[in-house]
Amino acid sequence: MATETELAKQSVPINKIPKNSIESVIRVLVIRRGSITPYKNSRNEGTYRTIILVDEEGTKIQTTLFNKHIETWKDFLKPNKSYYIAKGRYDRVNPNYSSVHKEVELAFTDNTVIKETDHEVSTQKFSDGFLSLDAADNLPNGSVLDLICVLVSVNPIIQNATSKRREIVVTNELMEPTTVTLWGDFAENDGAFLDKLKDDKPILGLCDVRVSIYKGRFGISTIPVSSVLINPIFQKALDLRAWREIIEADNKDIIVAPTKAMKRAIEVPLDHILNGLLAESQDSMYKFKATIVDILNKDEPWYLSCKTCRKKVKVIKEAAACTNCNIDNVEYAMRYCLRLEVCGGEKRAQVVLFEAANNLLGCKKEECHYYRNLVLSKDKQFNFLVRIDLTDANPRRSLIAEEIHQLKDEAPIILEEEVRSVRKYRKRAKKTTNAAAQINQKKPKAAKD
DNA sequence: CCCCCCCC
């Protein structure tokens with residue numbers, strides 16, 4: 001077998017491989033190793049496993065291990081490790097199926113050789129192909145792209161007889177939180193791993209994911225040849241990390257960008273809402289500016305809520321009764337119900353926050369943090385988003401806000417006058433990020449295998 | 001040699 005020096009000398013970028021070559025050597029990073037999956041059709045039966053590889057130029061290539069080759073290479077091609085691969089066959093891709101490379105994919109033969117290498121494939125030159133979330137938002141439904149974003153949260157896996165899925169939420173400087181649906185082993189493996197990492201708010205490079213627009217809402221979905229990069233170190237990823245560090249240094253929650261609904265809503269004075277002086281709006285959404293003058297229930301801003309109907313439940317001896325559902329033993333959870341006294345113009349009103357209380361209180365669970373945010377919000381000005389039923393002629397005393405943003409938070413975009421401090425951050429991020437990213441990349445090795 | 005894209 002060839003030595004590492006010989007392999008290094010022979011290795012070429014994926015995009016330089018001559019047609020039908022079996023002599024080319026590549027040095028690649030494993031960015032996905034799918035689960036071993038059984039198959040059975042009219043012609044064949046067996047097992048397969050999909051592997052996605054990337055070279056230092058950021059060119060990806062996929063390969064499928066079949067049957068005995070899965071066993072042969074079980075200790076190789078591990079996620080986040082780098083390998084030389086020699087004597088592979090480079091086949092044309094089947095145009096009926098999506099692939100990570102337009103023209104070629106790698107096929108294993110009995111002569112194919114793999115050698116692990118400490119000369120790791122770096123992700124630092126990947127930048128160009130990755131789109132930001134806001135750029136992806138302009139693509140048509142079904143587009144496949146590489147996406148750079150920051151992880152906000154990870155939901156539990158949802159399983160039924162035929163499918164497994166898990167939703168995660170991601171964002172960036174300009175986008176409202178966006179849902180990414182992980183399917184199959186992405187939900188199980190990558191999802192479980194991200195769940196452990198979520199408090200670090202890692203930067204994610206989501207490769208070959210699909211735009212999935214449902215009921216007009218922009219979302220992202222994995223496809224069978226997607227892959228998930230955690231804390232890659234190319235420039236766009238470092239820029240996003242620098243932004244995240246600014247937000248964190250300010251002790252703000254990362255979900256600060258107003259949603260599209262907030263941006264689209266018609267702005268009116270509070271007075272007009274209270275007195276029904278509203279022009280019709282397409283989706284009945286209005287926003288107004290007001291100052292929080294008092295928090296009416298700051299000691300008890302939550303209630304025990306029925307998981308089915310969200311109404312208040314009565315807990316007697318560990319059993320929760322829901323009078324609305326008429327069931328004596330329902331599942332329930334703590335839910336925010338924060339009541340505020342606000343002042344807009346000359347008018348005062350009560351505003352109730354349910355989920356929107358998260359915007360005000362942050363998702364940080366520590367009580368001191370929560371109280372601090374609550375107290376600090378007093379006498380500050382906010383934008384409130386409300387849905388108003390124009391057919392209801394009754395005067396409005398209390399409003400339910402669906403979203404709330406402190407006015408200075410409205411544009412968490414790096415502004416012109418901040419550029420200098422951002423540069424400082426970027427420099428610092430560059431220095432610390434390379435090392436940090438490498439450490440972060442090491443973690444998956446143990447956990448993913 | 002596999003498999004095409006799912007759900008709220």
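Order of the sequence lines fixes the chain letters, A, B, ..., with proteins taken first and strands second; residue numbering starts at 1 for each chain.
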Side-chain donor-acceptor pairs of residues 202-212 of chain A under 3.5 Å, sequence neighbours excluded:
| from | atom 1 | to | atom 2 | distance (Å) |
| --- | --- | --- | --- | --- |
| A:D208 | OD2 | A:K60 | NZ | 2.7 |

Do A:S99 and A:Q62 pair up side chain to side chain, a donor and an acceptor below 3.5 Å, judged on atom types alone?
yes
Mind telling me whether [Y] and [X] have parallel, tilted or perpendicular rings, with 30° and 60° as the class edges?
X      : Y      : result
A:F108 : A:H69  : tilted
A:F130 : A:F126 : parallel
A:F354 : A:Y303 : perpendicular

Does any non-hydrogen side-chain atom of A:F186 lie less than 4.5 Å from one of A:R166?
no
Verdict with supporting geometry, A:T117 and A:E4, side chain to side chain donor-acceptor pair (under 3.5 Å):
CA-CA 8 Å; A:T117 174; A:E4 177 149 350; 2.5 Å; yes
Remember a base hit wins even if backbone is also touched, and classify A:R49 as base, sugar-phosphate or nothing at under 4.0 Å, heavy atoms.
nothing
If you look at every strand shown and take non-hydrogen atoms under 4.0 Å, does A:T37 touch a base, only sugar-phosphate, or nothing?
nothing
So where does chain A start and stop touching DNA chain B, 5' to 3', when the test is distance under 4.0 Å to a non-hydrogen atom?
B:dC1 to B:dC8
Going by heavy atoms closer than 4.0 Å, what residues in residues 59-74 of chain A are next to DNA chain B?
A:T64, A:F66, A:N67
Earlier contact from the 5' end, DNA chain B, for A:Y214 and A:I223:
A:I223
Might you work through the side-chain contact (heavy atoms from CB on, under 4.5 Å) test for A:Q124 and A:L238, ending with a clear yes or no?
CA-CA 10 Å; A:Q124 63 182 308; A:L238 298 182; over 6 Å; no
